[in-house]
2 protein chains.
Amino acid sequence: MTTTIEERCRKKGVKLTDQRKLIARIMSNSHDHPNVEELHKRVSKIDTKISIATVYRTVKLFEETGILTKHDFRGEKARYEKLSGYHHDHLIDVQSGEILEFVNEEIEKLQEKIAEKLGYQLVDHKLELYGIKKKK
Amino acid sequence: MTTTIEERCRKKGVKLTDQRKLIARIMSNSHDHPNVEELHKRVSKIDTKISIATVYRTVKLFEETGILTKHDFRGEKARYEKLSGYHHDHLIDVQSGEILEFVNEEIEKLQEKIAEKLGYQLVDHKLELYGIKKKK
DNA sequence: GTAGATGCAAAGTATTTGCGACAAG
DNA sequence: CTTGTCGCAAATACTTTGCATCTAC
């Protein structure tokens, strides 16, 4: 895991500082979508000297390097997530704030088709569902 | 058009000030998705005294009243759009910044289905496609 | 007349940046 | 060594808010 990130950094000529390694490691082990403040809190537990400016700089760098993705969910501050191999979208529980991930091939294909019809080649997309839990 | 907005305001007990009427009118006549700064520029041409704070307060109010919707497209400042009767999603040209609107029933239904499968009732969603124009 | 709206400037948030000290390659 | 990074604090960008004044109803 960490090796992969380190390799990716080397390939891009990105210096591997302790701070970056730490942020990479924490994000690799995080299975949620922390915002910068929360991420800073997590890394601070290990490196008490790390500044939030470095966290901001690093997530931005990692986003450009393709290690993290940024999410701007409705009304919230930016959250980050490790870029895992498989693509997925999100469903946000508007009551609890919980975030579920899902994959749906059919919807992916439809999006391509729509873009095509409009004369565009899809380079990216964002699909967010907002819902409330059903009681059975 | 304007009548409708005024009616909606009365129904909600929202006072109809000149500033609000003006903002409503400008948004009704706008067929794009201006951000607050741009909207303030447009209304300022007619009412040179209107403050940007009022524009911020009004778009927020109109959003809650169901007159406008807010969009947070990737990396841009918040944009607003009049809530027209029909629902649509957006395709953003990543090169020119142009925004196209589209409707696709199939995708709407799929989203419902996905939410359902996850045990949720859909209350809202956001679908944005980012693409580059194809040359023929 | 009164509750609520406005304009202004000041205060918040979230994020970025300049700079001298420092560390990676 | 040299180039890029770090921590810090100051700066920026966008948005909200306190307050005295004014306006819709």
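Throughout, a chain's letter reflects where its sequence line sits, starting with A, and its residues are numbered from 1. This is a predicted model, so every value here is computed, not measured.
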If I take atom CD1 in residue B:Ile23 and atom P in nucleotide C:dA5, what distance separates them, rounded to the nearest angstrom? 13 Å
Quickly work out the A:Ile50 CD1 to C:dC22 C1' distance and round it to whole Å. 15 Å
Nucleotide D:dC14, atom P - distance to NZ of B:Lys41 in whole Å: 11 Å
Electrostatic pair A:Glu64-A:Lys60, nearest N-O below 4.0 angstrom: no
Any salt bridge linking B:Glu116 with A:Lys134? Criterion: basic side-chain nitrogen under 4.0 Å from a carboxylate oxygen. yes
Grab the NZ-P distance between A:Lys12 and C:dG25 for me, whole Å please. 18 Å
Options C:dG7, D:dC25, D:dT3, nucleotide nearest the side-chain atoms of B:Leu16: D:dC25
Ring pair (Phe, Tyr, Trp, His ring centres under 6.0 Å) involving A:His87 - partner list, sequence neighbours excluded: A:His125
B:Arg42/B:Glu38 salt bridge by N-O under 4.0 Å criterion: yes
End-to-end axis angle, where each axis spans five pairs of the helix from C:dG1-D:dC25 to C:dG25-D:dC1, to 10°: 40°
Inspect the contact between A:Glu37 and A:Lys77 and indicate whether a charged nitrogen and a carboxylate oxygen are less than 4.0 angstrom apart. yes
For B:Thr17 and for B:Lys77, find the nucleotide of DNA chain D with the closest heavy atom, then tell me which residue's nucleotide is more 5'. B:Lys77
May I have the distance from A:Lys21 (atom NZ) to C:dG25 (atom P), rounded to whole angstrom? 7 Å
Drop me the distance from B:Glu76's CD to B:His71's NE2, to the nearest 0.5 angstrom. 11.0 Å
Return the residues of residues 52-62 of chain A meeting this criterion: a heavy atom under 4.0 Å from some atom of DNA chain C. Order them by number, or give none. A:Ala53, A:Tyr56, A:Arg57, A:Lys60
Protein-nucleotide distance (A:Glu76, atom CD; C:dT13, atom C1'), rounded to Å: 15 Å
Counting only N and O atoms by type, is there a donor-acceptor contact under 3.5 Å from the side chain of A:Thr54 to the main-chain atoms of A:Ile50? no
Write down the distance between CG (B:Asn35) and P (D:dA13), rounded to a whole number of angstrom. 14 Å
Taking atom C1' of C:dG7 as reference, at what distance in whole Å does atom NE2 of B:His40 sit? 10 Å
Charged N-O contact under 4.0 Å between A:Asp32 and A:Arg79: no
What about B:His90 and B:Phe73, are their ring centers closer than 6.0 Å? yes
Sugar-phosphate only, base, or nothing, as touched by A:Glu37 at under 4.0 Å among non-hydrogen atoms: nothing
Is any side-chain nitrogen or oxygen of B:Gln19 closer than 4.0 Å to OP1 or OP2 of C:dG7? yes
Counting side-chain heavy atoms from CB outward, which of C:dT15, C:dG4, D:dC8 is closest to A:Ser51? D:dC8
